[in-house]
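Numbers here simply count residues along the sequence, with the first being 1. For ligands, and for the atoms within them, numbers begin at 1 and follow the listed sequence.
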Amino acid sequence: MNQLSRIAPLGLTGAAVLALSVAMLHAQATNSTASASPAKVELLPGLDRQLIDISADPCVNFYQYACGNFDKLYPIPPDRSSYGGFSVVHDYTESILRSLLDQAAQVSAQHSTLETKTSDYAANEQKIGDYYASCMDEDAIEAKGLKPLQPELDRIAALGSKKELTDLLAHYQMINVGAFFGYGEQQDFKDARRQIAVVDQGGLGLPERDYYFRKGDEAEKTRKQYVEHVAAMLQLIGEPADKAASDAQKIMTLETALANASMDITSRRQPENVYHLLPVTKLTELTPAIDWPKLFADTDVTEIVELNVANPGFFKGLQSVLDSTDLDTIKAYLRWQLVNSIPEYALPKALSREDFNFYGHELNGQPEQRARWKRCVAGTDNALGMALGQVYVADNFPAANKAFTLQMVHDIEAAMGAELETQTWMSDPTKHTAETKLHLMANKIGYPDRWRDYSTLTVVRGDALGNALRAADFENKRELNKIGKPVDRNEWEMSPPTVNAYYDPSMNDINFPAGILQAPFYDPHATDAENYGHIGSIVGHELTHGFDDQGSQFDGYGNLLGWWSSDDRKKFDAMTDCEVQEYGNFTAVGDVKVNGKLTLGENTADNGGLRLAFNAFLADAKRKGIDLDAKQDGYTPIQQFFLAFAQNWCDNMRPERLRLQVQTDPHSPGQFRVNGVVRNLPEFGKAFGCKAGQPMMPANACHIW
Ligand SMILES: [Zn+2]
């Protein structure tokens with residue numbers, strides 16, 4: 001699978017449409033047979049004084065002060081496009097996962113032909129062991145070559161007319177081949193108790209629609225490299241060079257037409273823009289070339305009367321594309337989409353390397369592919385994340401971490417309650433509904449209460465590609481099976497080892513996987529000040545998402561209802577404008593500025609998160625009698641709090657990666673996640689003795705929450 005499927009907004013499930021995470025997703029596509037022993041990875045302490053650049057002035061550039069030595073101590077490894085505080089925790093977790101997968105692979109090798117495991121835990125351990133071992137068996141993958149792919153290629157070759165597309169596209173949706181459009185399940189935005197089908201724009205190989213139209217040398221270079229990449233992949237699956245080159249051009253034309261009918265990522269942040277509950281008959285009117293009732297029936301989804309056609313304009317455009325494109329070009333496009341969607345680790349080396357060359361090297365600036373074991377750890381997590389998580393948390397998530405996080409969540413909720421209380425611009429009815437929403441917000445910590453049942457998924461040792469396709473089919477069936485059923489509040493959108501967190505507006509819940517509840521985010525040896533700065537600001541970030549420009553449109557029950565008075569909403573929009581302006585003026589790389597509108601929700605969450613964590617820390621200090629003037633290693637508790645917060649976001653990026661992030665990701669780059677936030681909190685300037693008018697203590701500070 002190319003890494004874009006992990007960055008691009010997919011919009012396949014309700015949570016995928018709008019789940020709001022704390023960190024950008026680690027996007028890595030790589031390959032190398034060299035399985036060199038990994039450097040010893042250690043977690044960072046709660047506050048790492050080595051990272052501090054004491055020659056910098058915290059009032060001029062706090063990011064430089066808190067993180068100035070990070071790049072010297074942690075240079076970007078050649079198999080990375082960026083490296084930051086989150087990467088250190090990710091590497092540490094990855095090495096643990098590697099050990100437990102090696103162990104599971106040995107255990108499952110002894111048992112796989114002898115018996116069927118009975119307990120869920122043992123059965124899941126066997127599945128992850130077999131999946132990982134099959135992925136690691138590069139010789140077997142190489143020896144099989146294109147053979148495992150041949151039935152799929154034959155199926156494309158056998159297409160006799162465009163009329164036969166429906167069955168093939170239904171099959172593709174089940175195995176994660178995103179040709180032409182996306183299809184899945186989501187909670188109904190306007191009735192969160194209902195789970196409904198959704199179809200959405202899709203079918204692109206570049207990160208998002210603007211990549212097909214943006215002007216300038218960099219954008220043109222990327223498009224040229226993309227067409228060359230498509231041609232190279234087609235050639236590697238057997239097309240003669242001439243035909244591959246001309247097909248790649250035609251595929252670019254086809255995808256550009258799809259992009260032209262697509263909505264840009266900033267517009268897609270407006271929930272109303274991606275919600276159109278329509279009868280299936282209307283979808284058939286928009287795209288009659290696809291037999292929609294048959295497609296749904298093919299995927300075992302029956303009796304759909306209405307669904308969310310997220311972007312109706314796209315499906316009208318899709319009809320024109322299907323009308324105006326000849327069958328031969330459609331077949332070439334399907335071959336490309338097929339080979340681009342299959343996880344690269346399951347493909348022969350030449351294809352995997354070419355996939356890395358475009359998505360990893362050219363688009364992200366990454367010099368080297370990641371070692372195979374790293375890609376196999378990530379691949380197993382993608383395919384069987386809850387089985388892997390069940391084995392991971394058994395030994396790697398102390399009960400104390402859960403208890404601490406729960407206390408932190410309660411402290412942050414109390415801080416948000418107090419924050420709402422003090423808002424003078426809000427009318428009482430709006431304020432009351434906001435308080436209700438806060439009280440209804442649920443939290444999930446560490447891992448699910450009930451583990452996923454993978455018993456219907458067959459993992460065959462030695463069949464890496466088959467395993468990947470069956471795992472995709474299993475997960476898509478599981479998702480689609482929710483349609484028409486009551487919502488399961490036990491569902492997680494991230495696996496337990498994930499070093500990230502999210503808020504889901506339809507569930508109105510905040511979620512913290514076990515992976516993020518480790519040092520330095522939560523460090524049992526750190527001071528309270530440091531832990532509130534680290535994990536406290538992250539808990540605050542997720543909670544604030546419930547009240548950002550997007551999350552605030554959903555009520556406490558997860559429904560997209562206008563619960564704000566129009567007057568209050570106007571005032572809120574004016575306050576958010578302040579942040580749109582502030583961040584929109586930050587230059588990320590070369591001529592590329594941060595997109596203030598795209599990043600508004602994340603910036604609001606960062607700002608609210610820090611304020612809530614700060615106020616929660618003050619309450620904690622009062623409760624425990626912490627002396628706020630007593631310095632430890634040269635820093636007061638409040639200074640420690642701000643330093644710990646800033647060190648969450650120490651990050652170095654290669655320029656290509658930075659450009660990609662600013663153009664596709666709703667999170668601002670690390671330095672702005674620090675400087676953009678502390679400058680809005682006067683308590684920061686006070687703690688570091690800044691003077692009014694200095695860069696970190698400006699007159700035009702923004703304050704939403
Ligand atoms: Zn976020």
To the Zn ion (ligand 1), the closest N, O or S atom belonging to Glu602 is OE1
Nearest 10°: the angle subtended at the Zn ion (ligand 1) by His541 NE2 and His545 NE2? 100°
Is a side-chain donor-acceptor pair under 3.5 Å present for Thr599 with Asn603? yes
From the options Glu579, His541, Gln550, select the one residue that forms a side chain to side chain donor-acceptor pair (under 3.5 Å) with Thr604. Glu579
Answer yes or no for Lys593 and Phe586: cation-pi contact, defined as NZ/CZ to six-membered ring centre under 6.0 Å and angle to ring axis within 45°. no
Can Arg209 be said to sit on top of Tyr211's aromatic six-ring, NZ or CZ under 6.0 Å from centre and within 45° of the ring axis? no
The Zn ion (ligand 1) to nearest N/O/S of Asp606 less than 2.8 Å: no
